[in-house]
Amino acid sequence: MGMRTSWTVGGALAVLAGTMVAAQGFGSQTPTALRAIPAETTAAKAKDPNWKAPKTAWGHPNLEGVWTSDDMRSVQMSRAPQYGTRELLTPEEFTRRASGDEGSRDRAVNQETILRNEFGVRTFGYTSFVVDPPNGQMPAMTAAGRARAANRDGGTFGPGPFNDFEDFTLYDRCVTRGLVGSILPVLYGNGVRILQTPNEVVLSYEMVHDTRIIPIDPTPREPQGRPEQGRGTTSSGSRADVGTAIKQYMGRSRGHFEGDTLVIETSHFTDRTSIGPNGNGTRHSDRMKITEWLTRIDPEMIDYRIRVEDPLTYTAPFTLRLTITSQPGYEMYEYSCHEGNGAVKYALSAEREYDRKVAEAKAKGLPVPPRTMGMEVYTGQAVEGREEIREFGGTAR
């Protein structure tokens with residue numbers, strides 16, 4: 001796992017900037033018994049509000065294990081307009097989604113290679129990842145945010161041109177996917193391992209293997225605000241600040257427990273990543289602050305809320321809601337990104353070949369050849385001799 005290749009201008013095994021992966025359904029199939037019921041209704045905490053998460057030996061809520069966002073593959077970032085402020089699908093809408101998810105998983109397991117797709121075993125009825133604002137829409141960008149938009153936002157899934165390293169995303173270059181981009185579901189590699197000690201929580205992501213070692217405030221706190229909506233107010237903890245001059249791709253994180261919820265506050269970001277899938281999309285500012293709430297709601301589920309505050313980039317804060325889950329037989333694989341990365345090399349060489357063809361066409365008085373990406377199988381265009389492929393869902397900034 002982890003080898004990344006690119007054969008034509010703009011092609012690479014990355015996620016299209018500004019989109020979310022959505023299981024449109026490779027032929028509907030009857031869902032399994034597990035998938036036939038909205039997974040959010042089956043959580044132990046949903047069935048019994050008094051259910052308590054297991055504890056570590058030192059008394060913290062136990063979040064340890066290997067989790068994935070694979071069950072989130074059919075949820076879009078921003079809510080489709082027809083849902084309005086509704087956070088959940090109707091029974092009829094859910095049945096259509098679950099049937100499509102079942103067909104997609106069958107194809108991924110029985111017809112495709114392991115590189116192409118991972119789909120979970122459950123289906124959730126969420127209408128979007130965005131739950132605040134209540135309309136489920138990503139807030140508009142500020143003028144400063146819009147000014148940062150560039151062809152580079154799509155990296156090897158964008159239009160190019162590709163002339164130097166700045167034309168590629170940090171994901172293209174196997175550097176990082178950023179904090180939010182590391183957990184949003186994509187084609188594969190959606191795992192995150194959580195480890196705990198009395199003084200730290202460790203989040204290690206499967207793809208690109210970013211690992212966050214997060215110090216934990218030893219003093220538990222009373223719940224602040226409404227973490228179930230991702231709107232709680234929190235303080236920065238008792239540890240000394242590292243200073244504003246120190247910037248990191250994944251930011252500086254500090255954590256504390258509020259009841260059964262782990263709250264992580266992160267600042268000190270660079271302005272080189274995005275909150276989109278795989279870290280693609282228009283870049284945020286270095287003033288962004290992120291608050292995460294992780295609550296164990298079932299032996300196999302963690303409710304995960306992410307609050308993004310960046311007034312230099314977005315006109316309002318917004319909150320994402322996912323449920324990360326355990327999957328039968330799921331293992332974290334090595335992601336040898338640098339060792340197998342051809343995205344930058346091949347995109348640059350393809351660009352030079354395109355330049356040669358343009359010069360040749362102009363010399364002969366012929367039309368300039370169109371730029372192509374060669375990634376139709378991922379972008380939804382029909383592929384000759386094969387059925388239509390629809391990998392991506394709704395748009396998001």
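Please read these numbers as outputs of a predicted model, since none were measured by experiment.
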Fill in: Ion pair check, E351 and R371, cut-off under 4.0 Å
yes
Worksheet item: Are I194 and L262 connected, step by step, through hydrophobic side chains (Ile, Leu, Val, Met, Phe, Trp, Tyr) whose heavy atoms are closer than 4.5 Å?
Response: yes
Worksheet item: Hey, any chance V186 and Y249 share a hydrophobic cluster, counting ILVMFWY side chains that come within less than 4.5 Å of each other, even indirectly?
Response: no
Fill in: K55, NZ: over 12 other non-hydrogen atoms inside 6.0 angstrom
yes
Response to the item:
Paired with V109, the side chain to side chain contact (heavy atoms under 4.5 Å, CB included) test is passed by just one of R105, R107, Q111, namely R105
Item to complete: Tell me yes or no: between the side chains of D172 and T169, is some donor less than 3.5 Å from an acceptor?
Response: yes
Practice prompt. For the pair R307 and D132, find out whether any cationic side-chain nitrogen is under 4.0 Å from an anionic carboxylate oxygen.
Written response: yes
Worksheet, complete the sentence: Between T32 and V121 the two heavy atoms that sit nearest each other are OG1-O, 4.4 Å
Worksheet entry | Side-chain (S78) to main-chain (M138) donor-acceptor, under 3.5 angstrom | yes
Discussion item. A side-chain contact here means heavy atoms from C-beta on lying under 4.5 Å apart; do R122 and M301 qualify?
Written reply: yes
Discussion item. Tell me whether R86 at atom CZ has more than 12 heavy atoms from other residues, nucleotides or ligands lying less than 6.0 Å away.
Written reply: yes
Worksheet item: Is the shortest heavy-atom distance from the side chain of K45 to the side chain of D303 under 4.5 Å?
Response: no
Worksheet entry | Chi angles and distances behind the side-chain contact (heavy atoms from CB on, under 4.5 Å) call for S267, R252 | CA-CA 5 Å; S267 59; R252 184 224 65 167; 4.1 Å; yes
Worksheet item: Are any of the side-chain nitrogens in R272 or E166 under 4.0 Å away from the carboxylate oxygens of its partner?
Response: yes
Item to complete: For R352 and N163, test the side chains for any donor-to-acceptor distance below 3.5 angstrom and give the result as yes or no.
Response: yes
Worksheet item: Under a single-linkage definition using a 4.5 Å side-chain heavy-atom cutoff for Ile, Leu, Val, Met, Phe, Trp and Tyr, are I324 and Y330 assigned to the same hydrophobic cluster?
Response: no
Fill in: Verdict with reasoning, Y304 to E292, per side-chain hydrogen bond (donor to acceptor under 3.5 Å, both in side chains)
CA-CA 7 Å; Y304 192 175; E292 300 158 88; 2.4 Å; yes
Discussion item. So that I can tick it off, tell me whether R356 and E353 are bridged by a salt bridge, with the cut-off set at under 4.0 angstrom between side-chain N and carboxylate O.
Written reply: yes
Practice prompt. Starting from the C-alpha separation in whole Å, work towards a yes-or-no answer on side-chain contact (heavy atoms from CB on, under 4.5 Å) for F124 and R321.
Written response: CA-CA 12 Å; F124 284 77; R321 182 266 315 273; over 6 Å; no
Discussion item. Do Y314 and F269 land in one hydrophobic cluster if side-chain heavy atoms of ILVMFWY residues count as linked below 4.5 Å?
Written reply: yes
Worksheet item: About how many Å separate CG of D260 and CG of L63, when rounded to the nearest 0.5 Å?
Response: 9.5 Å
Worksheet item: Going by heavy atoms in the side chains, are D355 and P161 under 4.5 Å from each other?
Response: no
Item to complete: Indicate the ring-plane relationship of Y335 and Y188, choosing parallel, tilted or perpendicular according to the 30° and 60° boundaries.
Response: tilted
Practice prompt. List the steps, then state whether side-chain contact (heavy atoms from CB on, under 4.5 Å) holds for M77 with L320.
Written response: CA-CA 8 Å; M77 178 73 99; L320 311 177; 3.7 Å; yes
Worksheet item: Would E300 and T325 count as a side-chain contact (heavy atoms from CB on, under 4.5 Å) if you check the C-alpha gap in whole Å, the side-chain angles of each, and the deciding distance to 0.1 Å?
Response: CA-CA 5 Å; E300 298 183 346; T325 60; 5.6 Å; no
Worksheet entry | T323 versus Y126, side-chain donor and acceptor atoms under 3.5 Å | yes
Worksheet item: Taking Q248 for the side chain and H268 for the main chain, is one N or O donor matched with an acceptor at less than 3.5 Å?
Response: no
Discussion item. Side chains of R148 and S285 only: does a donor on one sit below 3.5 Å from an acceptor on the other?
Written reply: no
Worksheet entry | F94 to A36 - nearest heavy-atom pair and separation | CE2-O, 3.4 Å
Discussion item. Any heavy-atom pair between the side chains of I306 and I183 that's under 4.5 Å?
Written reply: yes
Practice prompt. Working to the nearest 0.5 Å, report the span between CG of L179 and OG of S253.
Written response: 6.0 Å
Worksheet item: Are more than 12 heavy atoms from other residues, nucleotides or ligands located less than 6.0 Å from atom CD1 of I213?
Response: no
Item to complete: Report the C-alpha distance between E93 and T90 in whole Å, list the side-chain angles of each, state the deciding distance to 0.1 Å, and finish with yes or no for side-chain hydrogen bond (donor to acceptor under 3.5 Å, both in side chains).
Response: CA-CA 5 Å; E93 292 164 345; T90 65; 3.3 Å; yes
Discussion item. So T123 and P31, do their side chains get closer than 4.5 Å, heavy atoms only?
Written reply: no
Discussion item. Nearest 0.5 angstrom please: Q327 CD to D70 CG, how far?
Written reply: 5.5 Å
Worksheet item: Is R173 positioned over the aromatic face of F168, cation under 6.0 angstrom from the ring centre and no more than 45 degrees off axis?
Response: no
Worksheet, complete the sentence: Rounded to the nearest 0.5 Å, the CG atom of D271 sits from the NE2 atom of H284 at a distance of 8.0 Å
Item to complete: Could you pull out the closest heavy-atom pair between T41 and K47, with the gap in Å?
Response: O-CG, 3.7 Å
Worksheet entry | More than 12 heavy atoms from other groups under 6.0 Å of NZ on K247 | yes
